[in-house]
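None of these values were measured; they are calculated from a predicted model.
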Amino acid sequence: MTETLIWTVVALIVIGVYLSWTAGRLDRLHSRIDAARAALDAQLLRRASVTQELATSGVLDPAASIVLYEAAHAARQAEEDQREVAESELSQALRAVFGEPEQMELVREAPGGEEAVGELAQAVRRVPMARRFHNDAVRAARALRRHRTVRWLRLAGHAPFPLAFEMDDEPPVALADRPA
């Protein structure tokens, strides 16, 4: 009788430790998602800010300036449910403006143009990395939350189901290939 009781207590302790470890892991994944989302938001804001700065600098032709400024402004002002679309439209505007080699040469030749292009190239290259880190954290949390034990025992608590950030973040070729 005593031996059975001891084994039962040991089994309950092992199960408790496993459940506590799983809940802690899930909590750490949710914290990682929050940190990755903050980093992604910062990179998206930086890209939009640099784009607006370049659009208002007078380095670009008027049509390109208007296209970039409006797309960057829309990305900065977008509500959360429209953010992915607005950021994708900014990526498309960047590809449209900087897809032409002539436009890139005009920007580089202008005073301060080389620095502006370098700053924009850095901002454009960092967005896909930040988005990838965020989506990897989301994928890991989703995989853990799909386990029966997590669902049945509600180890995730009341945390919302994590959502990936899906957008078109392909940089213009002229900006993606610039050395840092």
Could you tell me whether the side chain of N135 and the main chain of F165 form a donor-acceptor pair under 3.5 Å? yes
Side chain R47, main chain E87, donor-acceptor under 3.5 Å: yes
Between E80 and R37, does any side-chain N to carboxylate O distance fall below 4.0 Å? yes
Roughly how far, to the nearest 0.5 Å, is CZ of R145 from CZ of R154? 9.0 Å
Are V124 and L44 co-members of a hydrophobic cluster defined by side-chain heavy atoms under 4.5 Å apart? no
Under the side chain to side chain contact (heavy atoms under 4.5 Å, CB included) criterion, do E53 and S57 qualify, and how do the steps go? CA-CA 6 Å; E53 188 178 309; S57 68; 5.8 Å; no
Look at the side chain of R131 and the backbone N and O of L40, then say whether any donor-acceptor pair between them is shorter than 3.5 Å. no
When hydrophobic residues are tied together by side-chain contacts of less than 4.5 Å, even through go-betweens, does L29 share a cluster with V150? yes
Roughly how far, to the nearest 0.5 Å, is CD of Q43 from CZ of F133? 10.5 Å
d(T149 OG1, L155 CG) to nearest 0.5 Å is 7.5 Å
Tell me, do R46 and R126 make a side-chain contact under 4.5 Å, heavy atoms counted? yes
Going by an N to O cut-off under 4.0 Å, is there a salt bridge joining D136 and R139? yes
Shared hydrophobic cluster, I33 / V127 (ILVMFWY, side-chain heavy atoms < 4.5 Å): no
In Å and rounded to the nearest 0.5 Å, what is the CD to CG distance from E115 to L120? 13.5 Å
May I ask you to decide if P162's main-chain N or O and R142's side chain share a donor-acceptor pair within less than 3.5 Å? yes
Which pairs would a plain distance check flag for residues 7-19, meaning a side-chain donor or acceptor within less than 3.5 Å of a matching protein atom at least two apart in sequence or in another chain?
residue	atom	partner	partner atom	Å
T8	OG1	T4	O	2.7

CD of E70 to OG of S65, rounded to nearest 0.5 Å, is 11.0 Å
Within the 4.5 Å heavy-atom criterion, are L68 and F98 side-chain neighbours or not? yes
Atom OG of S20 and atom CZ of R25: how far apart are they, to the nearest 0.5 Å? 13.5 Å
Could you tell me whether a side-chain N or O of E89 sits under 3.5 Å from a main-chain N or O of A71, the two making a donor and an acceptor? no
Tell me whether M167 is reachable from L94 by hopping between hydrophobic residues (I, L, V, M, F, W, Y) whose side-chain heavy atoms are closer than 4.5 Å. no
A86 and A78 have their tightest heavy-atom pair at CB-CB, 3.7 Å
Count I, L, V, M, F, W, Y as connected when their side-chain heavy atoms are under 4.5 Å apart, and connections chain through other members. Are V59 and V67 then in the same cluster? yes
Tell me whether D168 contacts the main-chain N or O of E170 through its side chain, where contact means a donor paired with an acceptor under 3.5 Å. yes
I would like to know whether R76 and Q52 meet side chain to side chain contact (heavy atoms under 4.5 Å, CB included); could you show each step before the answer? CA-CA 10 Å; R76 289 182 76 175; Q52 275 186 322; 2.7 Å; yes
Under a 4.5 Å cut-off applied to non-hydrogen side-chain atoms, are V138 and L163 in contact? no
